[in-house]
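The model shown is predicted, which means the values in this text are computed figures rather than measured ones. A note on names: the letters A, B, ... follow the listed sequences, proteins ahead of strands, and every chain is numbered from 1.
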Protein chains: 2
Amino acid sequence: MEFLGSAMNELCFTQESNRRGRLGRRKVEYDDTREYKSKNLHAERRRRQKLSDRLLALRSMVPIITNMNKATIIEDAITYIQELQQNVKLLSDQLLEMEGSSEEAVQTRSDEINAAEEMKNCGIMEDVQVTNIDRNKLWIKIILEKKRGRFTRLIEAMTYLGLELTDTNVATSKGAMLVSSCVEGSYGDTLTVEQTKDLLLEIIKSI
Amino acid sequence: MEFLGSAMNELCFTQESNRRGRLGRRKVEYDDTREYKSKNLHAERRRRQKLSDRLLALRSMVPIITNMNKATIIEDAITYIQELQQNVKLLSDQLLEMEGSSEEAVQTRSDEINAAEEMKNCGIMEDVQVTNIDRNKLWIKIILEKKRGRFTRLIEAMTYLGLELTDTNVATSKGAMLVSSCVEGSYGDTLTVEQTKDLLLEIIKSI
DNA sequence: TCCTACACGTGACAC
DNA sequence: TGTGTCACGTGTAGG
C-alpha cells in the first residue's frame with residue numbers, strides 16, 4: 001500500500017513572499033514539467049483553491065477578525081452569526097411589542113373607517129351652517145365624521161382662531177358628530193357669517 | 001531540498017466506514033508505534049482537528065445545508081450571513097419607521113402629562129356634582145383631566161349606561177375639562193342623585 | 001531553536 | 001471508469 005511517493009523531492013519551491021495576511025499566500029509554484037503520480041492532482045489543487053477562496057469570502061463578510069488563521073476565521077464567523085441571530089431576535093421582539101402597543105391605534109383607525117362608512121351609508125354628509133342670531137352672536141351647526149379627539153381639536157382650533165364658544169352642544173350618532181354652538185369674537189370682534197363659515201371649513205379640513 | 005519523504009509507505013490504513021455525512025469521518029487511525037520524520041506531526045493533527053471541529057460547529061449554526069462539502073458549508077454560511085444581515089436591516093428599518101409613526105402618540109402622552117400637572121398647579125381637582133333640577137331631570141357638572149378622546153369616551157359611556165344627555169356644555173381650560181349637562185334616564189327611568197353620582201364616578205375612573 | 005500555520009502531493013473512498 | 005472530496009504526513013516560512 002503506497003502513500004506519498006518519493007517522487008516529490010523534485011518539487012520546485014519558489015520563494016514568493018507576497019503574502020496577503022497569512023491566508024491566501026502562494027508559497028509554491030506548480031511545476032507542470034515534472035510528472036506526478038496522482039492523477040487527481042489538478043482536482044485537488046482546484047478543491048484547495050476553492051476552499052481557500054470561500055474562506056477568504058467568509059472573512060470578508062465578518063466585520064471583526066481577531067486572527068487571520070483559518071480556524072479563527074471560522075470561529076469569528078460563528079460568533080458573528082450568533083450575534084446576528086440574537087440581533088434578529090431582539091429586533092423582532094421589539095417590533096412585536098411595538099405592534100402590540102400600537103394595536104389600540106390600529107383599532108381606533110379601523111373604528112374611524114367604520115364610522116365614516118356608516119355615516120355615508122346613512123346619507124349623512126359633512127356640513128357647516130352659520131346663522132346670525134344676535135348682534136355679534138352666531139349660531140353654528142357642524143356635522144363631521146366622528147374621529148377620536150376631533151372634538152377637542154375643533155374646540156382648540158376655534159379658540160385659537162378667535163372664536164369664543166358660549167354654549168356648545170355635541171351629539172354623536174351613526175359615525176357622525178354634530179356640534180352646535182353659539183360663538184362670538186374672542187375680543188369683541190364682530191363676525192360675519194361668510195367669514196366664520198370659511199374659517200370653520202378650513203378648520204374642519206385640517207383636523 | 002527534501003519534501004514528502006518515502007518513509008510514509010508504511011503508514012497503516014484501517015478502513016473505518018463509520019461516516020457521518022462526508023465531513024468528520026475518520027478513515028485513518030494514528031499509528032503511534034512507527035516513527036515519523038516530521039516533529040510537527042502532532043501539531044498538524046491538532047490543527048486539522050481544530051479546523052474540522054470549527055467547520056462542524058459552523059455547519060451546526062447554519063439552518064440550510066445544501067451539501068456536506070467543506071466549501072459548500074462555508075458557502076452556505078456566507079449566504080446565511082447575508083440573509084441575516086438583510087433581515088437585521090429590514091427589521092431595524094421597520095422599527096425606525098414605527099417609532100417615527102408613534103411619535104405623535106408620545107407627543108400626545110406628554111401633552112396629557114403637562115395638562116395634568118398644569119391642572120394640579122392651578123389647584124383644580126377632579127369633581128362630580130349632581131343636582132336635581134326637575135322631575136326626572138338632573139343637572140350634572142364634571143371636572144376632569146383633559147385627555148385626548150376622553151370627552152367622546154365619556155359621552156359614549158354615559159349613553160351606554162342609560163344616561164340621556166339633553167343639553168351639554170364643554171369647556172377646557174388649564175389642562176382641565178368641565179362638562180355640564182342635563183341628563184335623564186334613557187327609557188324614562190327616574191334617576192336619583194346618589195345613583196347618578198356613583199355612576200359618573202365609576203365612568204370617570206374607567207376612562 | 002522551537003513553535004505555529006500553511007500548502008503541498010498523495011492514497012483511499014464515494015458516487 | 002472517472003471525478004470529486006477527504007485526511008494524511010511533510011517541508012517550509014515567519015515569528
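- Ion pairing between B/Glu44 and B/Arg47 holds under the 4.0 Å rule for side-chain N and carboxylate O.
- The distance between atom CZ of A/Arg46 and atom C1' of C/dC8, rounded to the nearest whole Å, is 17 Å.
- Atom CG of B/Asn67 and atom P of C/dA14 are 16 Å apart (whole Å).
- The residue from B/Lys141, B/Arg150, B/Lys147 that alone fulfils the salt bridge (charged side-chain N to carboxylate O under 4.0 Å, His left out) condition with B/Glu126 is B/Arg150.
- For the pair A/Ile74 CD1 and C/dC6 P, the interatomic distance rounds to 10 Å; values are reported in whole Å.
- The phosphate of D/dC8 (OP1 or OP2) has no side-chain N or O of B/Arg45 nearer than 4.0 angstrom.
- Between A/Glu194 and A/Lys197 there is no salt bridge, since no side-chain N of the basic residue sits under 4.0 Å from a carboxylate O of the acidic one.
- Checked by distance alone, B/Asn40 brings a side-chain donor or acceptor within 3.5 Å of a matching partner on the base of D/dT12.
- Note: CG (A/Asp53) to P (C/dA7) measures 11 Å, nearest angstrom.
- Between B/Arg47 and B/Lys39, the residue anchored nearer the 5' end of DNA chain C, judged by the nucleotide with its closest heavy atom, is B/Lys39.
- Rounded to an integer number of Å, the gap from NE2 of B/His42 to P of C/dC2 is 17 Å.
- Checking C/dC6, D/dT5, D/dG4 against every side-chain atom of B/Glu44, the shortest atom distance belongs to C/dC6.
- Between A/Met68 atom CE and C/dT4 atom C1' the separation is 16 Å, expressed in whole Å.
- Here the side chain of A/Asn69 is nearest to one of C/dC6, D/dG9, D/dA7, namely C/dC6.
- Across the protein-nucleic acid pair, A/Arg59 atom CZ and C/dA5 atom C1' stand 15 Å apart, rounded to whole Å.
- For the side chain to side chain contact (heavy atoms under 4.5 Å, CB included) criterion with B/Ile142, the lone passing option out of B/Val170, B/Asp127, B/Ile203, B/Leu154 is B/Leu154.
- Rounded to a whole Å, the CG atom of B/Leu41 is 16 Å from the P atom of D/dA7.
- Between B/Arg48 and C/dC6 there is no side-chain polar atom (N or O) within less than 4.0 angstrom of OP1 or OP2.
- The pair A/Lys120-A/Glu117 fails the salt-bridge criterion, with no side-chain N (NZ, NE, NH1 or NH2) lying under 4.0 Å from an Asp/Glu carboxylate O.
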